[in-house]
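Written below as C-alpha cells is the structure these notes are about.
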There are 2 protein chains.
Amino acid sequence: MRSLLSLQQKLLPDMLEVMNKRYRVLRQLRLMQPIGRRSLANSLDITERVLRSEVTFLKDQGLLEMSIQGMHLTEEGEQLLMELEPVMNEVSGLDNLEERLKEALNIPEVFIVPGDSDDTPWVKKEMGRAAVGRLKKFQLTRRVIAVTGGTTLAGVADMMIPSSDMEGTLFVPARGGLGEQVENQANTICAKMARKAHTDYRLLHVPDQLSEEAYQSLIEEPGVKDLLGIIKSAGIVIHGIGEAKTMAQRRKSTLDVIDKIEQEHAVAEAFGYYFNQSGEVVHKVKTIGLQLEDLERSELVIAVAGGRSKAKAIEAYLKTGIQSILVTDEGAAKALLEGTSL
Amino acid sequence: MRSLLSLQQKLLPDMLEVMNKRYRVLRQLRLMQPIGRRSLANSLDITERVLRSEVTFLKDQGLLEMSIQGMHLTEEGEQLLMELEPVMNEVSGLDNLEERLKEALNIPEVFIVPGDSDDTPWVKKEMGRAAVGRLKKFQLTRRVIAVTGGTTLAGVADMMIPSSDMEGTLFVPARGGLGEQVENQANTICAKMARKAHTDYRLLHVPDQLSEEAYQSLIEEPGVKDLLGIIKSAGIVIHGIGEAKTMAQRRKSTLDVIDKIEQEHAVAEAFGYYFNQSGEVVHKVKTIGLQLEDLERSELVIAVAGGRSKAKAIEAYLKTGIQSILVTDEGAAKALLEGTSL
DNA sequence: CTAAGCGGGACATAATACGTCTCAGTTAGG
DNA sequence: CCTAACTGAGACGTATTATGTCCCGCTTAG
C-alpha cells in the first residue's frame, strides 16, 4: 500500500507543487523575518506579485502577520512549518536520499536540508537548524560539547536556542587556534553558541605560532591543563568539514604545508586534520585540544557540511570510519551519491 | 503531531475539494465504464466542460484511457482508486461514522459507502462492491453462500468478481419463492453471482402458493431435501433488508397479510421475516429454506441495505441481535445515527 | 438503416493570475 | 536631524486559465 503522499502525487501533482511553494515561502520567511515582500521575493527568486498572492493567502490562514517592520510567522505558522518539515522532505524525495546516503557512507544517520549552500548561503542556516534539532534529541544536561570553527558552524551557532534540558551544559572549542578569521574561530563560535543556549562556555586561547618550549610550558599551565582535560572528555562534538586546499589557504598556512597537502593529495579537513581520498591523515596542524583518537570515546559526533563543492571532502572524511551523524544539504547529498554509487 | 491531511487542509484548503472531485470521477467511471463524457458528467451532476478538464488531466496521469466506446480506467487507475478508498472515507468522515454506528447498533462491523441510494441508484452498486470486498476477506474455498433477493442484492451480484480462493464455493438461494419479480428473485441473483464468480450454484424452485399437502411432499422430495440441508448449513449468508410495507406490497401479499403487518407495526423485512421496531418477528412468509434460527450457526452474515428511507428497517432488523456485518450507505448511516443517538 | 452515444475541436466569455508602478509611512545609519 | 532604503497597500492593464456551449465525423446497438 502506497502512502497518502504518493497517492496525492498521482492525483494532485499540481497541488503538491503549490504546497511546496508555500512551504518555501514559510521557510524562507522564518529565516529572514521580519522582512518585506520585495526582499523575500528576491530571495525565493519569484516575482513580487506571485509572492504577494501567496503571502496574502498565508496571512488569511493565520500563518503569518504583516507589520510595518515586515512580515513574520505567527505561533501557528512556526508550528505548522515544524510539522511540515518531514512531510516536505518526503515529497521532494529527500527522505529517500537520506536512506541511500546512510547506506552508501555507512554511517548511523544522515539529515539533508533542501537547497545547495554553494548557491544560496542561507541553506547553511537551515543545516544549522537541523544540527541543533539533532543535538536536542540527546540528553544534554551537564554535558560538555566541543565545537570547531568555520562558516558552517557559525550557522549552527546562529540557530542555537535555549532549552530547559541544557542546564549545566558546557561549550568548549575543540582545538586551539587554527589560523581562522575571528568570526569563524572555534572560540568565537563556542561563545556565541553558549550565549544563545543560555549556558556556560570556556575558551582556549592559544597563539597561532608557538615555539616547542612555549608549547610545552603552556600545556602545563594549570588553567590550560584543566580545560584540556575537559575538552578531551567531551561527550559531544560538533564540527564542520572543509576542502583541504581552501582551508589551507584560508588559514594562511606556510608554503611547505600547502605543498605537503598538495603532494599527499589531501582533499578534506576537519578540526585541524587533513585527510586524503581514503580517509587517511596526511597532515595535522600542531595545536592543543581534541585529537582524532579522542573522537572514538565521544558518544555523539555531528558533522555539518554542505554544498556540492564539499562532496569529495565529506566522502573522504567519512572514510576514516568515525561513526558520525552527518547534516548536509541537497546539493552535497546528490553530488555524493553520484560520486559513490555510480 | 497533526495528520498530514490536517496540515494540508491549512496549507491548501481547496485541495480536499479537488481531490474529492477527482475521486468521484474515477469512482463513477469505474461503475459506468465504458462511458462518454456527457453521460458521466450528467451522473456526477457537473457540466461537461468541467468533467472534461478533469478527465483530460486524469488521462495525462495515465489513470484512464479514451476510446471510441467511451472512457475506461487503466490498470493503474483501478489500483489508485482502490488505495484511495480508505483515505477518502477518512477524509469525508465516514470512518468516524462507521465507528459510531458500530457502537450504536452493537454489531461487529459496519461499512459505509458515500452517497444515498435513495437519490442515486448506483450507490447500490458501490454497496455491492463493498459487500463483495468484505466477503473476499474470508476463507471461501468449498463454502456454501446463501443469498436472498432484492435490488440491493442484485447490486452485489453485479459486482461479484471471480477469484482463485473461491474454488468449490457453492451459491444457493436462502429461501424459496417469496413472490418477487424474476430479476430480483433469490434464484436469479444466486445464479448471477455464481456465474460472475465462476463457481457453482444450486436453485430452489418452489411455487408461490402451495397447499399444505403439496408442501409436505415437496420437502420430502430427495433433490429438494438434499438442497435444504445444504442451505441450512450455509456458513455464509448475504441478505438485504427491506421496509415491511414496501416489501409486502411488492410481493403482492394477500390483504390479510398486509393487514397483519400493519397492525403488528412491522417495519423491517429480511429473507421472508417481518420485524417490528423491537426486532421481534411478527410475520413469516411460509416457504422452505433458511430459517431465522439457522443464522445463529452461520459464521458470517452480511446485511446489505442503504438509503435513508431504510434506516428504520435496518435499525429494527439489527435489534434481533443477529451478529451481522452491515454494509450501508452514507444516507442510511446518518439517518440511523440521528434516530438512535439523539 | 438510423438514432444515440462517442471523442475531439472550436470559440466567446468570465474569472483569475500576474507584472508593474505608485505612494505614504517607518527606520536605521550617517 | 536627515536621507536612503525598506515597509505594506493600492491600482490597473494584460496574460492566462477555466468554463459554458456549440458542432463534427465516427462507431455501434437496436
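Quick caveat, the model's predicted, so the values are computed rather than measured. In the text below, chain A, chain B and the rest are named by the order of the sequence lines, each starting its count at 1.
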In this structure, how many angstroms lie between the [atom2] atom of [N] and the [atom1] atom of [X], rounded?
{"X": "A:Q33", "N": "D:dG8", "atom1": "CD", "atom2": "P", "answer": "13 Å"}
{"X": "B:L64", "N": "C:dG8", "atom1": "CG", "atom2": "P", "answer": "11 Å"}
{"X": "B:L51", "N": "C:dG7", "atom1": "CG", "atom2": "C1'", "answer": "12 Å"}
{"X": "B:D60", "N": "C:dG7", "atom1": "CG", "atom2": "C1'", "answer": "15 Å"}
{"X": "B:L40", "N": "C:dC6", "atom1": "CG", "atom2": "P", "answer": "9 Å"}
{"X": "A:I68", "N": "C:dC23", "atom1": "CD1", "atom2": "C1'", "answer": "12 Å"}
{"X": "A:F57", "N": "C:dT16", "atom1": "CZ", "atom2": "P", "answer": "15 Å"}
{"X": "A:I35", "N": "D:dA5", "atom1": "CD1", "atom2": "P", "answer": "17 Å"}

Side chain of [X], backbone of [Y]: donor and acceptor closer than 3.5 Å?
{"X": "A:T152", "Y": "A:A305", "result": "no"}
{"X": "A:N89", "Y": "A:L94", "result": "no"}
{"X": "B:E330", "Y": "B:G115", "result": "yes"}

Can you list the residues that meet the salt bridge (Lys or Arg N to Asp or Glu O under 4.0 Å) rule with B:E54, with sequence neighbours excluded?
B:K21, B:R22
Quick one: list whatever passes salt bridge (Lys or Arg N to Asp or Glu O under 4.0 Å) with A:D116, sequence neighbours left out.
A:R308
If you pin A:P34 and B:E54 to their nearest nucleotides in DNA chain D, which one's is more 5'?
A:P34
Given A:V25, which of A:L63, A:L44, A:V50 fulfils the side-chain contact (heavy atoms from CB on, under 4.5 Å) condition?
A:L44
Of the options [options], whose atoms approach the side-chain atoms of [X] most closely?
{"X": "A:E48", "options": "C:dT20, D:dG20, C:dC6", "answer": "C:dT20"}
{"X": "A:R52", "options": "C:dT20, C:dC18, D:dC22", "answer": "C:dT20"}
{"X": "A:M66", "options": "D:dC6, D:dG8, C:dT20", "answer": "D:dG8"}
{"X": "A:R49", "options": "C:dT22, C:dC18, D:dT21", "answer": "C:dC18"}
{"X": "B:M71", "options": "D:dT28, D:dT7, C:dG7", "answer": "C:dG7"}

Of residues 14-25 of chain B, the positions that come close to DNA chain D - non-hydrogen atoms, cut-off under 4.0 Å:
none
Could one point to a donor on the side chain of A:R38 or the base of D:dG8 with an acceptor on the other under 3.5 Å away?
yes
Strictly below 4.0 Å, N to O, side chains only: are A:E85 and A:R27 in salt-bridge contact?
no
N-O pairing of B:D158 and B:R129 below 4.0 Å
no
Would you indicate, yes or no, if D:dT27 has its OP1 or OP2 atom less than 4.0 angstrom from a side-chain nitrogen or oxygen of B:Q69?
no
Whether B:S39 contacts C:dG5 is assessed here as follows: a side-chain N or O lying under 4.0 Å from the phosphate OP1 or OP2. Is that the case?
no
Which sits closer to the 5' end of DNA chain C, B:G70 or A:T47, going by the nucleotide each is nearest to?
B:G70
